[in-house]
Amino acid sequence: MSGYLLRRLLYAIPILIGVNLLTFALFFVVNTPDDMARMQLGVKRVTPEAIADWKRERGYDRPLFLNAAAQGSARFTDTIFFDKSVRLFVFDFGAADDKRDIAYEIRTRMGPSLALAIPVLVIGLAVYIATALLLVFFRHTAFDLAGVIACVVLMSISAMFYIIGGQYLVAKAWRLAPISGFADGAHMVSFLLLPVVIGIVAGIGSSTRWYRTIFLEEMSKEYVRTARAKGLSEMRVLFGHVLQNALIPILTGVVVVIPSLFLGSLLYESFFGIPGLGSYTIDAINAQDFGIVRAMVFLGSVLYIVGLMLTDVSYAWVDPRVRFE
């Protein structure tokens, strides 16, 4: 297993370097520091002096890759590439335009993002799988047909409808939960209850339908017929055989949302006033704070690669044949 993990890690390093280089090219080659200065200053006639001052305040006045005026190692370290790109590999994100430390803000806001995303993932996964197994158990019946129709209807409705409708009914009309905001400690539950429920309801249609398709595909395989021939009950076939063999495609779906656990949900955090990384990213985009946006892009790529590695490890754990391929 250690050799398997080492190979996956070696595969991940060049991918991360490539993502970092591509991000740097998009931010500093395609979109030059002069372009960023004009966007940030936001006036039609920007003087060269104002552009120079803006670049000097943020360290964008240095050469991109090679500083010919410097001596020794400073020829490479006193550059935009080293300061804004290489430092990201040690998670040195620098400071935002308002001079606040980006790494500190990420650590502070990661808690609220996880407090929202983890319950939605864990509870939602249990609800979706249980509902899909229930539909498969009553497959080819009126209950199954009604469930599929309900899933199609639910997945056809935008998440905005659930958010606005939930805030109006639950928070404003019925006054069962706060409409927005966040608090620490035990009071956090009251603020997270509504967005968690809405997040689960918003995904129940598409997720249940997808898991139902996976389980139905497993039901047609030879091992299921063999289990039935041995006299096993339908419930035991579903939970003891079908669910276990469907773990690989389920893990594939779970890995997609792993970065969102840390980076937060842009939509839910914005509408419910949760000070997580999702709202932090949106505020940075609106303020055109390129340092924060660049840091969040890099962090997202790191988390996604970590998620892929965890998926490979889970594959090897669920199906030992994978590690020997």
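Heavy-atom basis, side chains included; hydrogens, waters and symmetry copies ignored. Fair warning: this is a prediction, and the values are worked out from it, not measured in the lab.
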Which heavy-atom pair separates Phe82 from Thr77 by the least distance, and what is that distance? CD2-O, 3.3 Å
Aromatic ring centroids of Phe182 and Phe272 under 6.0 Å? no
Honestly curious: do Leu88 and Phe65 fall in one hydrophobic cluster under the side-chain, below-4.5 Å linking rule? yes
Nearest 0.5 angstrom please: Met110 CE to Leu277 CG, how far? 6.0 Å
If you apply the rule side-chain hydrogen bond (donor to acceptor under 3.5 Å, both in side chains), what do you find for Ser85 with Asn20, and how did you get there? CA-CA 7 Å; Ser85 184; Asn20 185 272; 2.3 Å; yes
Using a 3.5 Å distance criterion without hydrogens, assess whether the side chain of Asp92 forms a donor-acceptor pair with backbone atoms of Arg87. no
Would you find more than 12 non-hydrogen atoms of other residues, nucleotides or ligands less than 6.0 Å from Arg58 atom CZ? yes
Ignoring hydrogens, what is the shortest heavy-atom contact between Ser265 and Tyr268? Give both atom names and the distance. OG-CD1, 2.9 Å
Would you confirm whether Thr79, through its side chain, and Arg75, through its main-chain N or O, come within 3.5 Å as a donor-acceptor pair? no
Give a yes or no on whether the backbone of Val136 and the side-chain of Arg139 come within a donor-acceptor separation of less than 3.5 Å. yes
Can you give me the closest heavy-atom contact between Ser180 and Gly273, atom names plus distance? CB-N, 4.2 Å
Could you give the distance from CG (Leu194) to CD (Gln167), rounded to the nearest 0.5 Å? 6.5 Å
Rounded distance (nearest 0.5 Å) linking atom CZ of Phe161 with atom CD1 of Ile198: 11.0 Å
Has Asp289 got a side-chain atom pairing as donor or acceptor with Ala96's backbone, closer than 3.5 angstrom? no
Does a side-chain heavy-atom distance below 4.5 Å link Met219 with Leu238? yes
Tyr280 versus Ile102: any side-chain heavy-atom pair under 4.5 Å? yes
Do the non-hydrogen side-chain atoms of Ile214 and Trp210 ever get within less than 4.5 Å of each other? yes
So does Arg236 have more than 12 non-hydrogen atoms from other groups sitting under 6.0 Å from CZ? no
Could you check whether any side-chain heavy atom of Pro112 comes within less than 4.5 Å of a side-chain heavy atom of Glu269, counting everything from C-beta outward? no
For Phe215 and Leu135, run side-chain contact (heavy atoms from CB on, under 4.5 Å): C-alpha distance rounded to whole Å, both residues' side-chain angles, the deciding distance at 0.1 Å, then the answer. CA-CA 10 Å; Phe215 295 145; Leu135 294 179; over 6 Å; no
Got a second to check how far Arg107's CZ is from Glu105's CD, nearest 0.5 Å? 10.0 Å
Heavy-atom closest contact (Gly278 atom, Ser113 atom, distance): N-OG, 4.2 Å
For residues Leu243 and Glu218, determine if any side-chain heavy atom of one lies less than 4.5 Å from a side-chain heavy atom of the other. no
OH/Tyr223: more than 12 non-hydrogen atoms of other groups inside 6.0 Å: yes
Check whether Leu21 and Phe93 end up in the same hydrophobic cluster, where Ile, Leu, Val, Met, Phe, Trp and Tyr are linked by side-chain heavy atoms less than 4.5 Å apart. yes
Is the shortest heavy-atom distance from the side chain of Pro195 to the side chain of Ile274 under 4.5 Å? yes
Take Phe76 and Leu66, measure what side-chain contact (heavy atoms from CB on, under 4.5 Å) needs, and give me the verdict at the end. CA-CA 5 Å; Phe76 303 98; Leu66 181 65; 3.8 Å; yes
What's the spacing between Asn31 CG and Arg38 CZ if we round to 0.5 Å? 10.5 Å
Quick check on Gln288: does its CD atom have over 12 non-hydrogen neighbours (other residues, nucleotides or ligands) under 6.0 Å away? yes
When every non-hydrogen atom of Arg225 is compared with those of Ser220, the smallest separation belongs to NH1-O, 3.2 Å
Do Phe271 and Leu176 belong to the same hydrophobic cluster, where Ile, Leu, Val, Met, Phe, Trp and Tyr are linked whenever their side-chain heavy atoms lie under 4.5 Å apart, directly or via other members? yes
Taking Lys55 as the fixed residue, which of Asp61, Asp34, Thr32 is the one that meets the side-chain hydrogen bond (donor to acceptor under 3.5 Å, both in side chains) rule? Asp34
For the pair Phe137 and Leu133, evaluate side-chain contact (heavy atoms from CB on, under 4.5 Å) and give the outcome as yes or no after the intermediate values. CA-CA 6 Å; Phe137 184 78; Leu133 286 172; over 6 Å; no
Say you draw a straight line from CZ of Phe89 to CG of Leu16; how long is it, rounded to the nearest 0.5 Å? 5.0 Å
State yes or no: do Leu216 and Val152 share one hydrophobic cluster built from I, L, V, M, F, W and Y residues joined by side-chain heavy-atom distances below 4.5 Å, directly or via other members? no
If you define the side chain from C-beta out and look only at heavy atoms, does anything of Phe290 sit under 4.5 Å from Met39? yes
Let's go through Ile13 and Ile17 carefully: what are the C-alpha distance in whole Å and the side-chain angles of both, what is the deciding distance for side-chain contact (heavy atoms from CB on, under 4.5 Å) to 0.1 Å, and is it a yes or a no? CA-CA 6 Å; Ile13 292 175; Ile17 294 175; 4.0 Å; yes
Evaluate the side-chain proximity of Lys221 to His241: yes if any heavy-atom separation is below 4.5 Å, no if none is. no
If I compare all heavy atoms of Ala183 with all of Met188, which pair ends up nearest, and what's the gap? O-CB, 3.2 Å
Tell me whether Tyr162 shares a hydrophobic cluster with Met155, the cluster being built from Ile, Leu, Val, Met, Phe, Trp, Tyr side chains joined at under 4.5 Å. no
Check: His140 main-chain N/O paired with Asp144 side-chain donor or acceptor under 3.5 Å: yes
Looking only at the aromatic ring of each residue, does the gap between the centers of Tyr60 and Phe28 stay below 6.0 angstrom? yes
